[in-house]
Structures are given as C-alpha cells and as structure tokens.
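A quick write-up on the structure given underneath.
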Amino acid sequence: MHFHILGTGAVGCHIACLLRLNNHKVTLILRSQKALHDFKTRNQSISLTLKGKPLLVGGFNSMVVHSISSQGPLIECLIVATKAQSVIEAVSPLKDRLTRNSTVLLLQNGMGVVEELMDTVWYGQSHPCILVGVNRHATQRISAFKVINHFGWVHPEGLVVSEWRQTGESKQGFPVLKSLSNIKDLQLKIVSWENLQNRMAKKLVINASVNPVATILNLSNGEMLDGSPYTLNLIRELCYEAYSVLENFLPGETAEILFEGVVDSLRQSKSHYCSMLQDIQSERPTEVDYINGYICRIGKDQDKDFKFNQAMVDFIHAKESGKKAVENSK
Ligand SMILES: NC(=O)C1=CN([C@@H]2O[C@H](COP(=O)(O)OP(=O)(O)OC[C@H]3O[C@@H](n4cnc5c(N)ncnc54)[C@H](OP(=O)(O)O)[C@@H]3O)[C@@H](O)[C@H]2O)C=CC1
Ligand SMILES: CC(C)(CO)C(=O)C(=O)O
C-alpha cells in the first residue's frame with residue numbers, strides 16, 4: 001500500500017519508518033523547501049531509535065506540501081501527524097487528491113480536531129474515509145529526521161484506531177487497518193467510535209491536568225509528583241473540573257479514579273518533560289486550545305464550571321506570546 005505522511009516530526013518519522021520497515025511505499029509530505037533540502041542532504045533517510053537500537057531507514061519519496069498539484073494521482077492513505085492546530089492548514093492543499101476512495105488517519109492529541117477538519121474542509125461534501133487514532137507511542141524528536149521511540153511497542157494497545165462516527169466495523173478503511181495491524185511494533189487495536197471517544201477523553205483529562213501545570217512551573221512530571229502539595233492540588237482541581245465537563249464521554253468513571261490515573265501517568269513518566277513544555281521551550285505554539293480549550297468549549301455549551309481550565313488556556317497563551325511581546329516592546 002502507498003502511504004503519504006503529512007508532518008514529519010516525532011510521530012510522522014516514527015510511523016513512516018515502521019511502514020518502510022514493513023515494505024510499504026512511503027511518501028513524506030514536507031512543510032518547506034528547506035525541509036526537502038535537509039532531507040536530501042541526509043540521502044532521504046530517517047534515524048529512528050527503536051527498542052534501544054539505532055536504525056537508519058531509507059527508501060522514502062518526498063515532496064513539499066505547497067508544491068503538490070491538484071492534478072496528480074489520488075492519495076490512497078494519508079497519515080496526518082502534524083500538531084492539532086496545523087491540521088486544517090496542512091490538509092487543505094491536498095483536498096483535490098483525496099476522494100471518497102482515500103483514507104485519512106488523524107493522530108493528534110486533544111479533542112475536536114476531526115470535527116473542525118470535517119466542518120472546514122469537507123462540510124456537506126463527499127469525503128475520504130476518516131480514521132482517528134489514540135497514539136500511546138512516546139516519541140521524541142532529537143533533530144530534523146532523527147527520532148527516538150521511548151515507549152509503545154510492548155503496550156498491547158500502542159495505537160487504538162476507529163473510523164469517525166462508525167458504529168460497526170470500518171469497511172472502507174479495512175485495507176489500511178489491515179496493513180497497519182500487520183506491523184507488530186505498532187500494536188494496533190481497532191475499536192468502535194464510542195470506545196475511542198472514551199479513550200480520547202481519558203487521555204484529554206490527563207493532558208489537561210498535567211501539561212499546563214508542568215509548563216507554567218517549568219517542571220518534569222516527576223518533579224511535580226514529588227514536589228509541593230500545592231502543585232498536586234492544582235492538578236486535582238483541573239482533573240475534577242475536566243471530569244465534570246466530559247462526564248458524558250466517561251461512563252463508569254469517577255473523578256477520583258481519573259485522578260489516580262493522572263498520578264499513575266506522572267509516576268510512569270517521571271523523567272519526561274511534557275509536550276506542552278517542550279513546545280514552549282522550542283518557541284512553538286502549543287496544543288492548549290485542543291486540550292484545556294476543548295474542555296472550556298464543552299463546559300460553556302453545557303453550562304458547567306470551567307474556570308480552572310480557562311485560567312490554564314490564558315496562562316499558556318500568555319507564555320506563548322511572552323517572548324514576542326517583550327521583543328516587540330523593545
Ligand atoms: N510525540 C509523541 O510522543 C506523541 C505525540 N502525539 C500527538 O501527535 C501529534 C504530532 O506530534 P509530534 O510529532 O510530537 O509533533 P512535532 O512538532 O514533532 O511534528 C509536527 C510536524 O508537523 C509539521 N507541520 C506543521 N505544520 C505543517 C504544515 N502546514 N504542513 C506540513 N507539515 C507541517 C512540522 O514541521 P516542522 O518540522 O517545520 O516543525 C513537524 O514536522 C500532536 O498532536 C501530538 O500531541 C500523540 C502521542 C504521542
Ligand atoms: C506524558 C503525558 C501524558 C503528560 O506529560 C503526555 O501525553 C505529554 O507529554 O503530552
């Protein structure tokens with residue numbers, strides 16, 4: 001099968017390598033001419049550390065997103081591995097190459113991405129088969145086209161996927177799902193849309209509770225766990241508020257059980273600096289609007305309290321613009 005990968009950071013490079021190692025044809029869709037130049041100077045190869053072993057994976061095709069002509073051949077399967085806030089901008093130029101016979105797999109953290117994409121790009125029109133995944137593979141980008149996969153290949157549910165709004169089995173997405181399930185290191189699990197939403201909501205509660213607090217305090221997950229009780233109090237408030245807003249997606253859960261899950265995830269990732277903090281440190285925009293921001297939007301619709309999550313959205317945006325504001329005032 002021919003896969004196109006849009007977004008060649010940590011997740012995109014990891015999945016591109018696994019596909020090549022399993023003999024699929026893979027085309028990387030790069031963001032800029034500079035990225036294409038960098039990729040060519042590395043002989044179009046990606047360095048992936050998998051299970052502690054360094055690998056150099058080659059044999060990719062590559063192209064730049066804005067040079068893609070609408071007249072080219074159809075894209076069979078597009079894997080979207082950009083950050084949540086870049087999905088629409090990145091997918092839109094490819095629309096004419098994606099028909100109802102194509103499959104698109106979205107791998108973003110947070111919630112609301114698929115709805116925003118469908119409302120903006122394919123509103124009221126025939127659209128490709130849309131698959132959505134919850135990705136548990138923790139991958140770190142060391143530099144361009146050099147990534148380390150820290151975790152995921154032994155997890156029985158490394159990548160959990162469902163077809164968007166599909167109640168039964170995905171028929172149209174079947175060939176893609178079959179190819180992905182043959183990749184042992186991916187640990188694919190296929191679930192119903194309802195089940196996937198439940199998993200996304202649980203992950204969202206963890207990210208909404210942990211990420212902004214770690215980012216504001218500039219702490220690793222372990223430093224938060226073993227640090228001041230005030231930090232854990234704040235994390236608990238965020239978790240309880242997130243649960244009260246997302247309750248409909250979380251049948252059978254309680255706020256206390258979810259909080260234990262949050263603490264557990266801190267314990268499992270003690271040396272990890274969360275993705276939001278890494279984005280701020282690298283001066284990239286964060287995904288806060290799809291994490292705490294999503295909780296605020298649902299909270300508003302349901303007339304529920306969301307003040308802690310709103311405060312986190314405001315803090316993180318203030319941090320994102322902080323450097324620019326100081327530079328502009330000079
Ligand atoms: N890393 C991880 O372990 C996990 C990440 N996730 C989620 O997966 C998603 C991707 O994360 P991650 O790989 O870490 O992010 P990265 O920032 O490492 O990669 C994003 C990539 O998208 C590219 N990009 C941005 N805008 C465009 C555009 N308009 N057109 C084409 N390419 C574009 C970026 O280009 P450039 O190189 O120029 O920045 C970059 O290569 C996020 O939603 C994240 O939350 C989920 C689970 C685990
Ligand atoms: C590890 C975890 C759950 C929180 O830090 C995460 O998903 C992230 O860094 O975004």
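Counting convention: from 1, in listed order, for ligands and their atoms alike.
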Residue by residue, ordered by chain and number, which ones reach under 4.0 Å of ligand 1 with a heavy atom? L6, G7, T8, G9, A10, V11, R31, V65, A81, T82, K83, A84, S86, E89, A90, L107, Q108, N109, N135, H137, A138, T139, R141, K203, E287

Just checking, is any N or O donor in the side chain of S62 or Q44 under 3.5 Å from an acceptor N or O on the other one? yes

Polar side-chain atom of K83 near backbone of T286 as donor-acceptor pair, under 3.5 Å: no

Gap between atom CD1 of I298 and atom CD of Q302 - 0.5 Å precision: 6.5 Å

Pair K304 + E241: basic N to acidic O under 4.0 Å: no

Tell me whether the guanidinium CZ or amine NZ of R42 lies under 6.0 angstrom from the six-membered ring centre of F145 and within 45° of its axis. no

Could you tell me how the ring of H127 sits relative to the ring of W164: parallel (under 30°), tilted (30 to 60°) or perpendicular (over 60°)? perpendicular

Group every Ile, Leu, Val, Met, Phe, Trp and Tyr by side-chain heavy-atom contacts under 4.5 Å, then state whether L277 and I216 land in the same group. no

Output for ligand 2, non-hydrogen cut-off under 4.0 Å, lists I206, N207, V210, N211, N221, H272, C274, S275

Could you check whether R199 pairs with E157 (Lys NZ or Arg NE/NH1/NH2 to Asp/Glu carboxylate O, under 4.0 Å)? yes

Salt-bridged, R297 to D301, with N to O below 4.0 Å? no

